[in-house]
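Heads up, the thing below is written out as structure tokens.
Computed from a prediction, not measured in an experiment: that's the story for all the values here. Protein chains get the first letters and strands the later ones, always in sequence-line order, with residue 1 at the start of each.
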2 protein chains.
Amino acid sequence: MKADSMETKLKIAEAAIALFTSQGFKGTTVRQISKKAGVNLALISYHFGGKKGLLEELITSFFEGYIRRIEIIYHTSNSATVKGSFIELVEALLIYQQRNLPLARFVYREMTLDSTLVRELMSTYLVKEKYFIQTLFEKGMKKKEFRRQPVDFLTIQFKDMMMLPFLHPLYLSEVYQITAETETFIKPYKKWMVNWFDKCVCQSERRNPLLSAVQKPLFGSIQEKWGS
Amino acid sequence: MKADSMETKLKIAEAAIALFTSQGFKGTTVRQISKKAGVNLALISYHFGGKKGLLEELITSFFEGYIRRIEIIYHTSNSATVKGSFIELVEALLIYQQRNLPLARFVYREMTLDSTLVRELMSTYLVKEKYFIQTLFEKGMKKKEFRRQPVDFLTIQFKDMMMLPFLHPLYLSEVYQITAETETFIKPYKKWMVNWFDKCVCQSERRNPLLSAVQKPLFGSIQEKWGS
DNA sequence: TATTTGTCGAGCGATTCTTAAAGGTTTCTG
DNA sequence: CAGAAACCTTTAAGAATCGCTCGACAAATA
């Protein structure tokens with residue numbers, strides 16, 4: 001393959017990502033892509049085997065990189081604590097998603113649809129992702145580092161928190177004037193997640209009996225124990 | 001308006017919601033809608049002023065009901081604590097979204113796009129939503145009921161947790177075999193959110209100095225104080 | 001030189017949403 | 001009850017756009 005050809009293929013991919021992100025896959029035409037990429041219409045079919053092929057190649061490449069980063073940390077993390085591994089994971093995934101922000105956004109949106117492609121992607125990539133994260137949580141619980149609690153919800157919430165800023169960047173910027181694209185976002189958000197780990201995941205410190213005695217009557221009707 | 005007409009309008013709306021939810025707005029044709037609704041093609045344009053009008057009417061009606069429920073609780077909650085008001089809110093919104101699950105799912109997905117419609121909806125409904133929730137959090141902090149922390153992230157995470165099960169029901173069912181449609185989901189998920197409030201939002205109990213002395217060295221490099 | 005590879009313009013066939021015109025039905029009014 | 005009016009539905013066709021392919025041409029390769 002010529003270098004020129006590789007370049008046009010990249011130009012097509014970039015234009016497609018930008019358009020898919022803001023307009024959705026179905027809302028984007030191949031003509032728009034070819035125009036934005038400054039490339040002939042027929043080249044999209046030539047390089048990607050059509051619009052659908054372009055979509056699949058983009059999504060697959062995103063998930064490949066995503067899963068690879070999880071696997072690497074899962075197998076080679078040398079943190080003393082499980083929480084340490086998680087923090088490595090958080091950092092790696094935040095950076096990866098930020099670097100591929102528009103791609104991530106449109107992939108996540110597409111995954112809320114109901115197609116055979118989506119089901120396939122879920123059973124290959126997301127089931128794998130679930131396995132790694134859930135196993136990490138269970139490891140932390142066995143080591144008494146994490147508090148015992150429903151591991152399903154925990155995994156889901158973790159994944160969701162990792163996804164949030166990249167699925168809703170327009171919401172963040174329009175309503176909160178927060179932009180997920182800059183470096184100034186990653187740091188505080190990572191901090192936020194670490195705080196969440198300390199408060200919600202890790203083993204809580206022994207309670208002060210006086211304080212809890214004061215608070216209990218107020219919330220008693222709702223604040224029940226887990227696992228009932 | 002005749003009863004017959006109202007009925008066809010409803011049939012169109014229901015069919016549209018189902019199809020939009022699984023295929024997306026752009027991925028659905030008016031023919032599919034008319035066929036599924038058992039209604040003539042042109043009636044969609046007649047009743048809703050076209051496919052786009054149908055979309056806007058569905059989304060608007062969803063947000064109207066959504067905001068109304070927030071406002072009611074905001075203005076009439078008689079809970080002794082702010083946390084109590086929040087729990088009322090959680091319950092009301094979970095039920096509302098569950099009752100309109102397919103509609104909610106497709107509305108949330110559509111809101112991740114980048115159109116003038118989405119921007120308008122954000123500036124009318126989501127800004128309002130942010131105001132109510134954020135004010136509640138600040139109220140809780142002033143009363144020293146909630147711990148002081150960045151209120152932006154808190155509001156966002158709250159909203160996100162409220163949205164999660166309804167934006168990703170396919171993910172939940174495919175990967176976790178959890179279905180957000182049944183009553184058996186609402187209760188544990190509500191419990192989960194209450195637990196999150198206790199751990200992450202409410203004022204934490206005084207720490208046991210011995211335990212924190214043991215743990216600090218391990219996480220010290222990352223676990224910094226807020227507001228730095 | 002022969003062959004593969006990349007690019008281009010033109011256009012095909014299918015499908016999109018919408019609308020115009022007309023037919024049918026119900027409701028209101030005298 | 002008759003007839004006008006408003007409302008609902010259908011048929012049919014409109015105009016635009018969709019993704020994709022074909023054949024020609026240029027350029028690099030062997």
Side-chain angles (χ1 to χ4, degrees), chain A residues 1-60 106-107 109-110 113-118, chain B residues 1-60 106-107 109-110 113-118:
Chain A
M1 188 179 283
K2 278 197 296 184
D4 282 5
S5 169
M6 203 58 214
E7 196 179 327
T8 50
K9 201 175 173 187
L10 216 80
K11 277 199 286 185
I12 292 173
E14 281 172 4
I17 289 172
L19 289 167
F20 288 167
T21 299
S22 68
Q23 307 178 346
F25 172 69
K26 288 275 186 179
T28 302
T29 69
V30 286
R31 280 158 226 276
Q32 289 177 312
I33 298 173
S34 75
K35 190 180 174 187
K36 189 178 181 94
V39 148
N40 186 278
L41 176 69
L43 290 178
I44 293 171
S45 287
Y46 179 78
H47 282 291
F48 295 93
K51 192 189 176 190
K52 196 172 180 178
L54 172 56
L55 173 77
E56 294 183 11
E57 191 158 330
L58 290 178
I59 295 184
T60 302
F106 121 74
V107 167
R109 181 200 302 134
E110 216 64 24
L113 289 173
D114 195 346
S115 63
T116 51
L117 172 64
V118 168
Chain B
M1 188 179 281
K2 275 197 298 183
D4 281 6
S5 170
M6 203 58 215
E7 197 179 327
T8 47
K9 203 174 171 186
L10 216 81
K11 277 199 286 186
I12 293 172
E14 281 173 4
I17 289 172
L19 289 167
F20 288 168
T21 300
S22 68
Q23 307 179 347
F25 172 69
K26 288 274 188 180
T28 303
T29 69
V30 287
R31 279 159 226 276
Q32 290 177 312
I33 298 173
S34 74
K35 189 180 174 188
K36 189 178 180 92
V39 149
N40 187 278
L41 177 71
L43 288 178
I44 293 169
S45 287
Y46 177 78
H47 282 293
F48 295 93
K51 193 187 174 191
K52 196 171 179 179
L54 173 55
L55 173 78
E56 294 183 12
E57 191 159 328
L58 289 178
I59 295 184
T60 302
F106 120 75
V107 167
R109 181 200 301 133
E110 215 63 23
L113 291 172
D114 195 345
S115 63
T116 51
L117 172 63
V118 167

Between atom CD in B:Gln23 and atom P in C:dT15, what is the gap in whole Å? 15 Å
Side chain to side chain donor-acceptor pair (under 3.5 Å) partners of A:Asp114, counting only residues at least two apart: A:Arg119
Looking at NZ of A:Lys36 and CD1 of A:Ile17, how far apart are the two atoms once the value is rounded to the nearest 0.5 Å? 11.5 Å
Checking A:Glu57 now: which residues fulfil salt bridge (charged side-chain N to carboxylate O under 4.0 Å, His left out) with it, not counting sequence neighbours? A:Lys9
Whole angstrom value for the distance that separates P of D:dT17 from NZ of A:Lys35: 12 Å
Please report, rounded to the nearest Å, how far the C1' atom of C:dG23 is from the OH atom of B:Tyr46. 14 Å
Going by the rule ring pair (Phe, Tyr, Trp, His ring centres under 6.0 Å), which residues pair with A:Phe25 if we only count those two or more places apart in sequence or in a different chain? A:Phe20
Distance-only check: which donor-acceptor pairs under 3.5 Å involve side-chain atoms of residues 38-46 of chain A, not counting sequence neighbours?
unit_1	atom_1	unit_2	atom_2	d
A:Asn40	OD1	A:Ala42	N	2.8

Between B:Leu43 (CG) and D:dT9 (P), how many Å, whole number? 5 Å
When the distance from CZ of A:Phe48 to P of C:dT7 is rounded to whole Å, what number comes out? 11 Å
Is A:His47 near enough to C:dT7 that one of its side-chain N or O atoms lies under 4.0 angstrom from OP1 or OP2? yes
So which protein N/O to nucleotides 18-20 of chain D N/O distances come out below 3.5 Å?
unit_1	atom_1	unit_2	atom_2	d
D:dG19	OP1	A:Thr28	O	3.3
D:dG19	OP1	A:Val30	N	3.4
D:dG19	OP1	A:Lys51	NZ	3.0
D:dG19	OP2	A:Val30	N	3.0
D:dG19	N7	A:Arg31	NH2	2.6
D:dG19	O6	A:Arg31	NH2	2.8
D:dC20	OP2	A:Lys51	N	2.8

Qualifying salt bridge (charged side-chain N to carboxylate O under 4.0 Å, His left out) pairs, either residue in residues 11-28 of chain B, two or more places apart: none
Between A:Met6 (CE) and C:dG6 (P), how many Å, whole number? 11 Å
Separation of atom CG in B:Leu55 from atom P in C:dC17, rounded to whole Å: 13 Å
Taking the side chain of B:Asn40 as its heavy atoms from C-beta onward, which of C:dC8, D:dT10, C:dT5 lies nearest to it? D:dT10
